[in-house]
Amino acid sequence: MPNQAHDGCVRVGGACEGVSQYGYCSGDTWVRCDAQEGIVTMECGPGRCKRLDSAGNGACTCGSIDSNGVCATASGASAATPRVHFTCATSAGVLIANNCTAATGSSAGFCSTFVTSFGNQTTCFCGTCSVPGRNNQCGSLCSNPAQCQYSASGNFHTCGF
């Protein structure tokens, strides 16, 4: 892929030298650094990669993704155990990608949804039924750990219902 200055190239899957986690647009493609996979790309769709500043920083526009976000692979594909939480930075109207393994400090980190009777929250989990807590230490999702249930087929957690 062309580098951010468009005067050279970067290798997809290669080291992130000079490419930030926020990334830049190369045409309709978002190029960014992922904590685990190195340089990754995501096709935004025609006209949907938004340049944010004169330095060329940019990202895919949010589309239907809101501040609660969605879980996916680093390139935006669906997966049984997605490792990236994409959310919309509503003030800029672009996506932010958060690698859950890096965010939680857990090699088992992944993105999932916690469902309650009040609604749902998509976020990074340290592992099944485990979320970051105080001082970034992983702990039980539910106040009663025995009540935590995880549905692998739907990629969601519940506590006692």
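Quick caveat: nothing in here was measured; it's all calculated off a predicted structure. Values reported hereafter were calculated over all heavy atoms of this structure, with side chains retained and with hydrogens, waters and symmetry mates removed.
- Within the 4.5 Å cutoff, the side chain of Thr87 has no heavy atoms near those of the Ile65 side chain.
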query: Stepwise, does the disulfide bond (SG atoms under 2.5 Å apart) test hold for Cys60 with Cys49?
result: CA-CA 4 Å; Cys60 291; Cys49 201; 5.1 Å; no

query: After noting the C-alpha distance and the side-chain angles of Arg32 and Val40, does the key distance pass the side-chain contact (heavy atoms from CB on, under 4.5 Å) rule?
result: CA-CA 6 Å; Arg32 65 178 185 79; Val40 294; 3.8 Å; yes

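- Side-chain contact between Asn3 and Cys9 is absent, with no heavy-atom pair separated by less than 4.5 Å.
- Taking every heavy atom of both residues into account, Ser26 and His6 meet most closely at OG-CE1, 3.7 Å.
- With contacts defined as side-chain heavy-atom distances shorter than 4.5 Å, the pair Phe110/Asn155 qualifies.
- Annotation for Leu141 and Phe125: closest pair CD2-CE2, 3.8 Å, computed over non-hydrogen atoms.
- The two atoms that bring Cys111 and Thr122 nearest to each other are SG-CG2, 3.8 Å, heavy atoms only.
- The minimum heavy-atom distance between Pro2 and Val10, with the atom names listed, is O-CG2, 4.2 Å.
- Judged purely by distance below 3.5 Å, without hydrogens or angles, the side chains of Thr113 and Asn120 never pair a donor atom with an acceptor atom.
- Side-chain contact between Glu17 and Val19 is absent, with no heavy atoms from C-beta onward closer than 4.5 Å.
- Summarising the geometry, atom CD belonging to Gln147 is positioned 10.0 Å from atom OG belonging to Ser140; distances are rounded to the nearest 0.5 Å.
- Val12 places a side-chain heavy atom less than 4.5 Å from the side chain of Met1.
- For the residue pair Gln4/Asn57, the side-chain donor-acceptor check at 3.5 Å is satisfied.
- Taken from CD in Glu37 to OG1 in Thr73, the straight-line distance is 7.0 Å, to the nearest 0.5 Å.
- Rounding to the nearest 0.5 Å gives a distance of 8.5 Å between CZ of Phe156 and CD of Gln149.
- Cysteines Cys88 and Cys62: SG-SG separation is under 2.5 Å.
- Taking each heavy atom of Cys126 and Val131 in turn, the nearest pair found is SG-C, 3.6 Å.
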- request: Before giving the answer on disulfide bond (SG atoms under 2.5 Å apart), spell out for Cys148 and Cys159 the whole-Å C-alpha distance, their side-chain angles and the decisive distance to 0.1 Å.
  value: CA-CA 5 Å; Cys148 186; Cys159 290; 5.2 Å; no

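- When ring centroids are compared, Tyr150 and His157 come within the 6.0 Å threshold.
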- request: Would you check, one step at a time, whether the test disulfide bond (SG atoms under 2.5 Å apart) holds for Cys124 with Cys100?
  value: CA-CA 5 Å; Cys124 289; Cys100 293; 2.2 Å; yes

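- Counting non-hydrogen atoms of other residues, nucleotides and ligands closer than 6.0 Å to CD of Gln36 gives a total above 12.
- A distance of 9.0 Å separates OG1 in Thr90 from CD1 in Ile96, rounded to the nearest 0.5 Å.
- Taking the side chain as every heavy atom from C-beta outward, Val94 and Leu52 approach each other to under 4.5 Å.
- Note that the OG atom of Ser106 and the CD atom of Gln137 stand 11.5 Å from one another [nearest 0.5 Å].
- To the nearest 0.5 Å, atom OG1 of residue Thr104 and atom CG of residue Asn98 are 9.0 Å apart.
- The minimum heavy-atom distance linking Trp30 with Leu95 is given by the pair CH2-O, 3.6 Å.
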